[in-house]
Amino acid sequence: MPEDIQPIIRFEKVAKTFPPDIAVLEDVNLTILPGEFLSIVGSSGAGKSTLLKLIYAEEDATSGEVYFDERPLSHINRKHLPFFRRQIGTVFQDFKLLPQRTAFENVAYALEVDGKSTAEINEEVPEILEIVGLGDKMHKFPKQLSGGEQQRVSLARALIHRPKVIIADEPTGNLDPVSANEIIQLLLEINSFGTTVLLATHNKGIVDTLGKRVVVISQGKIVHDQNKGKYILN
Amino acid sequence: MQTLKLWRTFKEGKENFRRNGWLTFATVSILTLSLFIVSLSFLLGLTTHLILENLRDKVSVSVSFNPDVTEGRIFEIRDELSKYKKEIASVDYISRDDALKQFLAESGNDPVIAKAIEEIGENPLLASLVIKAVTPEDYPLIVEQIEGSTFQNDISRINYAKNKKIFERLDYINKTTEKTGIALGTIFIFIAILITFNTIRITIYSHRQEFEIMRLVGASNIYVRMPFVFEGALYGLVAAVVTAISLFGIAYYIAPLTQGALPQGNFMNLYIAYFWPVFGGLILLGITLGVLSSAIAIRRYLKV
């Protein structure tokens, strides 16, 4: 890894304990560079989701520090959290779409909260939905879409702010293999434009074919960290 | 940009209002009922107050003199009474002829009555002094003074007792309406706050997951909260309009009962005369109640 590039995300001796004394993460040191595609693997409850939540500041580290763009997250005022979050796009296993809004409106919402004008929204949203291949279904409601399509809406929403980082927590967990593969291909495409992608997954097949950096977490600790890694579970 | 965001959260609140259907109906109903009771007791209070004022102006003491008392003597008494300027506002002399003319006019110049009086051969009415007090509370004192005066033997009768009873009864009604109105209004406002509060709370519960999503895509707390404030305000606004319309219905039924008793004519005219202040007050009170209840619900249940 070249030394002179400033990491986009850095964990420094991070520990996370949930009350009363459940240690979820212990002594995590991890450096992620801009433009990386990083897979985080591990069994359920290993701490993958918690690690990701620390990045988008849904959880605070019990000790140690997480840096985003070399800014310590513990210093972010809760009031400024929404602004910080707009730099990170998130995608989840359960899609997290607003059920009473169409695909278009779901994506638009992320821009509305930012105070973007209606004209901008009407221009940018169809564009991004076109990119994820939903140009013809943007006025459908989530329940009228397949799982794969819903996840693509969610991905479009994550991308709309042109974030530096995309965090995908088990994005293929609820999808059939074909849809899952489409989502992974989209993530790779996004990554190829320079966006950092963090992918937490159980799917061995996906990780092994990616040929990208793999971090393995077991019982709250990073046990493997390999470039062009494979899915290894002890 | 802030206005745009505000407009968007308003639209969101409007959508919640529309989508909640049954809950919206229940909340608006109870808010309407509360506003209705508050405003109706205010209007009824105003009505009795105005009727009372109106009657106070009409109240006077009429002192009738025995037929053998001369006009000169009555003038003397009038001049004597006029000296008490602090208590007595005016003393008017009504001669026997004037009294007869007035009587005939009040009976609608009925030829039968006129003929009956003619048959008697002489004017049966008495000359009198009509006394108006500066404040109605002074009447008992004035009457007492006249009864104990040197000219008490010249007096045939003093008609005050009859007026007094009506006067006291109206005062009592006025005070009772006021008290009942305040008590009922307070109870219903309290119920309205509880119900609006619960409606917003239920909405918050049923949309729990959405708040998490909204925050994840970068919505600020205030952006998530504002729609509920607007939703509350809309409950109040709609309730105020419904109340104002229902009051027209009530006024329509009360109007004939109050015909002539009010300076405005009747209750309907009174409501029309006071419509804008009442409507403004209703909107203000309604929105305050709605927003207040949502604010409490947001604080307690929307941990964002």
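Lettering follows sequence order; numbering is per chain, from 1. The shown structure was predicted, so the numbers you read here are calculated from the model rather than taken from an experiment.
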With a 3.5 Å cut-off and sequence neighbours excluded, list the donor-acceptor pairs that the side chains of residues 227-242 of chain B form with protein atoms.
unit_1, atom_1, unit_2, atom_2, d
E231(B), OE1, N16(B), ND2, 3.3
E231(B), OE2, N20(B), ND2, 2.9
E231(B), OE2, Y235(B), OH, 2.8

N/O donor-acceptor pairs under 3.5 Å from side chains in residues 182-189 of chain A, not counting sequence neighbours:
none

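With a 4.5 Å cut-off on non-hydrogen atoms, F84(A) does not touch chain B at all. Proximity to chain B (any heavy atom under 4.5 Å) is restricted, for L97(A), to the backbone atoms N, CA, C and O. With a 4.5 Å cut-off on non-hydrogen atoms, L4(B) touches chain A through its side chain but not through its backbone.
Your options are Q87(A), E58(A), K79(A), K116(A), and the one with the most heavy-atom pairs under 4.5 Å with chain B is K116(A). Considering only heavy-atom pairs separated by less than 4.5 Å from chain A, the leading option among E210(B), R8(B), E15(B) is R8(B).
By the neighbour-count criterion of 12 heavy atoms within 6.0 Å, atom CZ of F18(A) is densely surrounded, having more than that number from other residues, nucleotides or ligands.
Annotation: residues 130-164 of chain A contacts chain B through R157(A), H161(A) [non-hydrogen atoms, separation under 4.5 Å].
For the residue pair H202(A) / T172(A), no side-chain donor-acceptor distance below 3.5 Å is found, with atom types taken as modelled.
Atom CG of D60(A) sits about 8.0 Å away from atom CG of L54(A), to the nearest 0.5 Å.
Each of L43(B), L289(B), L285(B) was evaluated against V38(B); a single residue qualifies, L285(B), per the side-chain contact (heavy atoms from CB on, under 4.5 Å) test.
The aromatic rings of W276(B) and F279(B) sit perpendicular, their planes meeting at an angle over 60°, well past the 30° parallel limit.
Judged as a side-chain hydrogen bond (donor to acceptor under 3.5 Å, both in side chains), the pairs with a partner in residues 90-100 of chain A (not counting sequence neighbours) are, in order, Q93(A)-N174(A), D94(A)-K96(A), K96(A)-E212(B).
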